Amino acid sequence: ATRALHTQPTTTAATSALETLRSQPQKYVVASVAGRKYLLAPRDLLTVPRLKDVSVGDVLSLSEINEVGSRDYTLRGNPTVPPEHVRVQATVVEHTKGQMEVIFKKKRRKGYQKTIIHKQTYTRLRIGPIDIVEPEPQS
């Protein structure tokens, strides 16, 4: 016994929703990158905390897509949209550092003062086109 309609693999409602979204001129996705959710559109420049295992020029495939939509229609995942339906790629543009942060610690009347200067490292990603994949006809 199945619990609900949205737990079944691909229903006709989801397929028709994907076809409707495919015909829309502008699309967006809500994707999880490095543990946080971001609202992304094609050609966006995204700054995330440093991704250590990538280098400049690498192309990443975003697999955790929570929502895909356009101005008129939205398709939400439960909790994610399956990666075989929506394909989004991001290119690593650069590894950079944020602005200088000064952390000052003090304990009053003890003569203890400590200054820590720190720059947070970030990775910048350029979001590619949002491709809604056509399902293969089942025979």
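These numbers come from the heavy atoms of this one structure, side chains and all, not from hydrogens, waters or symmetry mates. None of the values given here were measured: they were computed from a predicted structure.
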Problem set entry | Set of side-chain hydrogen bond (donor to acceptor under 3.5 Å, both in side chains) partners for T115, sequence neighbours left out | none

For this session: Mark yes when over 12 heavy atoms from residues, nucleotides or ligands other than Q26 sit less than 6.0 Å from its CD; otherwise mark no.
Result: no

For this session: Specify the closest pair of heavy atoms between Y38 and P49, including all atoms of both residues, with the distance to one decimal.
Result: OH-CD, 4.1 Å

Exercise. Should V59 and L125 be counted in the same cluster of Ile, Leu, Val, Met, Phe, Trp and Tyr side chains packed under 4.5 Å apart?
Worked result: no

Problem set entry | Side-chain touch T74/R76, heavy atoms, less than 4.5 angstrom | yes

For this session: Supply the atom-to-atom distance H85 NE2 to D131 CG, rounded to the nearest 0.5 angstrom.
Result: 14.5 Å

Problem set entry | Sub-4.5 Å side-chain heavy-atom contact between V81 and N66 | no

Problem set entry | Donor-acceptor under 3.5 Å (T80 side chain, G77 main chain) | no

For this session: Evaluate the criterion side-chain contact (heavy atoms from CB on, under 4.5 Å) for residue pair K27 and I132; output intermediate values, then yes/no.
Result: CA-CA 10 Å; K27 298 179 225 15; I132 297 176; 3.7 Å; yes

Exercise. Y28 versus V68: any side-chain heavy-atom pair under 4.5 Å?
Worked result: no

Seminar exercise, completed: Output for pair (D72 CG, T20 OG1), nearest 0.5 Å, gives 10.5 Å

For this session: Give a yes or no on whether L51 and L40 share a hydrophobic cluster (residues Ile, Leu, Val, Met, Phe, Trp, Tyr; joining criterion: side-chain heavy atoms under 4.5 Å apart).
Result: yes

Please report, to 0.1 Å, the donor-acceptor pairs under 3.5 Å made by any side chain of residues 41-48, with sequence neighbours excluded.
{"residue": "D44", "atom": "OD2", "partner": "A41", "partner atom": "N", "Å": "2.9"}

For this session: Using the rule that two of Ile, Leu, Val, Met, Phe, Trp, Tyr join whenever any of their side-chain heavy atoms come within less than 4.5 Å, decide whether V33 and I127 are in one cluster.
Result: yes

Scan the side chains in residues 88-108 for donor-acceptor partners under 3.5 Å anywhere in the protein, sequence neighbours excluded, and list what turns up.
{"residue": "H95", "atom": "ND1", "partner": "R50", "partner atom": "NE", "Å": "3.3"}
{"residue": "H95", "atom": "ND1", "partner": "T123", "partner atom": "OG1", "Å": "3.1"}
{"residue": "H95", "atom": "NE2", "partner": "V54", "partner atom": "O", "Å": "3.2"}

Exercise. Which distance, rounded to the nearest 0.5 Å, do you find between the CZ of R22 and the CD1 of I130?
Worked result: 13.5 Å

Exercise. Tell me, do E67 and L75 make a side-chain contact under 4.5 Å, heavy atoms counted?
Worked result: no

